[in-house]
Amino acid sequence: MPAPALAAMEASPSLWHSYLGVILSRERQRMEHFQRAEDILLTLLESVHARDPRFLVDYARNLEAFEFSVCASEDAVTLEVPLRIDGDTLRVLARRSSPEHPAELSTCCLELCSPRAGLEDWTGAVDGMEHCLLPGKILQHLKELLVSAIVRCQRLFLLQPGDISAENLREDALELSLLIRGSWKPVRFNIVPVVRRQQEPLQLRGRRSGRGFPAGSLSRATEEAHFVPASPLGWRSSTHLPLLKLLRAVDSLQGPRVDSLRLLDQLREQDWGGQAGTGPLTFHHLQMVLLWSTELFPSPEDWQDLEGSVYRLLVILLRCLATRHLPHFLNPEENLFQGAAPDLASLYHKVESFAWDPQRFLRFHFGLHGFSGSCQADRETRALLQLPTRDGSCWDTAYFDILLSQFQVFRIQDSARRSAASQLLARIRQEIPQQS
């Protein structure tokens, strides 16, 4: 057994649970904090709806509250405001790209099949297509209504002075940012108008659809497309709420799956970021890692204890950091680490240090940046993590089972899985000297 693995095993179960216990002890207070800020925001949106019924008030905000309670940092909460538009009657047309605007490749126009009364002020021509919904016009209108609603609610004493700050409502923003007072500190909400449209549930190409997730959860999460502003003229498909629906579905499964996310996100905030917890790794990245681990480790046997569950996420995260490639769970061709390469090397060493010696990190520093130095990693494990991606064998349960074995947290009795991992290790060990 490698020496670092012995150090990893010295972190007792009580240490893992004590660290998690502190995180969970804050959750009720955080939920109360969120709900107070949410009540203020709903009051504001009700006033907006009264002025223009095309902006709807969605009271079902359980997913955003769940995300806020799990996330360790005080990141902005994305809040979608549905538009009273029948999305199924719109034509979705890809934007024409140009050398000056290559990003338009991933955006689209939402065209009305025919002119429609009540939407004239929100439509215009785009790329030669008439009667397209223009996000820029909708955002400007919503911004004006929000400012007016703040003034009106304060005059009616529905809001108190200091409840809301609109200082960051910028002219060109694709999200309308409001800072709202919670129980003890403000919560930032990024308000986004959204057009919802029914679609065929997502089929994950080349993968067993829904593997590891509750039956039907993937279909339910992706049966509706959400289009949000991508530019003043174009829209993009948003996976924010579908991903939260999947995260909620994972939380309904047995085992400390979401607790593992909570624990790693606290480490991200406390030890793996830069100053004030900033850095290339976000809660969104860790959420994606949990979804991949749910698919790649579908057996309940993988999620029996907290330590083993955390390592299911860790081995995937380490692989993604080593290769600088984290595929989006619903759109695997999208690399979520694109553009973050310069910062990923130091982050990799921090995460690797935790994987080999977790007891150094499972404590709270209360404002002090906790990480210092690194540990001596096992050479073979690092070589395994850095193997080039070729035939998909390095994004498979057998490959990650090998990594779990390196960290001495495999503990799986399934003979077929053990055999598959052994056979794959024998095959790729011939490549490791070439990569070292």
Side-chain angles (χ1 to χ4, degrees), residues 34 37-38 40-49 51-52 54-58 61 64 67-68 71 73-85 95 100-110 119 121-124 126 132-154 159 162-182 185-196 226-241 243-244 276 278 282-284 336 338-340:
F34 177 86
E38 181 190 41
I40 294 172
L41 181 58
L42 288 175
T43 299
L44 190 67
L45 292 177
E46 286 168 352
S47 180
V48 168
H49 174 72
R51 292 283 303 276
D52 190 336
R54 293 178 297 179
F55 293 106
L56 302 177
V57 183
D58 186 353
R61 296 297 178 186
E64 290 91 342
E67 178 186 29
F68 187 84
C71 183
S73 60
E74 303 293 336
D75 295 342
V77 178
T78 299
L79 189 137
E80 296 181 356
V81 175
L83 304 180
R84 179 171 277 166
I85 296 173
R95 289 292 313 277
E100 295 81 15
H101 302 285
E104 299 291 4
L105 280 170
S106 60
T107 66
C108 62
C109 296
L110 299 181
L119 293 177
D121 59 329
W122 284 2
T123 59
V126 179
C132 293
L133 285 176
L134 299 182
K137 288 187 175 182
I138 296 172
L139 282 163
Q140 181 60 31
H141 188 198
L142 179 56
K143 176 188 171 184
E144 292 169 357
L145 289 174
L146 285 170
V147 173
S148 175
I150 292 172
V151 174
R152 180 175 179 273
C153 288
Q154 288 177 339
L159 298 177
D163 276 350
I164 296 180
S165 170
E167 292 180 359
N168 291 319
L169 281 178
R170 302 196 317 272
E171 290 291 335
D172 58 346
L174 299 176
E175 300 175 326
L176 302 177
S177 183
L178 292 176
L179 201 61
I180 300 182
R181 184 163 60 189
K185 61 179 2 179
V187 178
R188 183 169 299 283
F189 288 91
N190 289 335
I191 300 170
V192 185
V194 60
V195 176
R196 295 176 178 173
H226 295 228
F227 292 98
V228 299
S231 72
L233 300 177
W235 302 80
R236 65 175 177 85
S237 177
S238 169
T239 58
H240 175 67
L241 284 183
L243 290 171
L244 286 181
T278 59
T282 66
F283 175 80
H284 179 62
L336 297 178
Q338 187 73 37

Shortest non-hydrogen contact from [X] to [Y]?
X: Ser177; Y: Arg188; result: OG-NH1, 2.7 Å
X: His284; Y: Leu243; result: CE1-CD1, 3.6 Å
X: Arg51; Y: Ser148; result: NH1-OG, 2.7 Å
X: Ser47; Y: Arg152; result: OG-NH1, 3.5 Å
X: Lys137; Y: Thr123; result: NZ-O, 3.1 Å
X: Leu139; Y: Leu176; result: O-CD1, 3.9 Å

Take Val228 and Thr78, measure what side-chain contact (heavy atoms from CB on, under 4.5 Å) needs, and give me the verdict at the end. CA-CA 11 Å; Val228 299; Thr78 299; over 6 Å; no
Will you find, in the side chains of Glu80 and His240, an N or O donor that is under 3.5 Å from an N or O acceptor? no
Pair Glu64-Glu38, side-chain contact (heavy atoms from CB on, under 4.5 Å): steps then yes or no: CA-CA 10 Å; Glu64 290 91 342; Glu38 181 190 41; over 6 Å; no
Chi angles and distances behind the side-chain contact (heavy atoms from CB on, under 4.5 Å) call for Leu119, Arg54: CA-CA 9 Å; Leu119 293 177; Arg54 293 178 297 179; 4.1 Å; yes
Between Asp58 and Arg196, does the side-chain contact (heavy atoms from CB on, under 4.5 Å) criterion hold? Intermediate values first, please. CA-CA 13 Å; Asp58 186 353; Arg196 295 176 178 173; 3.3 Å; yes
Quick check for you: to the nearest 0.5 Å, what is the distance between Thr107 atom OG1 and Phe227 atom CZ?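 Rounded to the nearest 0.5 Å, the OG1-CZ separation comes to 11.0 Å.
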Return the CZ to OG distance between Phe68 and Ser73, rounded to the nearest 0.5 Å. 9.0 Å
Can you label the angle between the Phe34 ring and the Phe189 ring as parallel, tilted or perpendicular, going by 30° and 60°?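 Tilted, since the angle between the ring planes falls between 30° and 60°.
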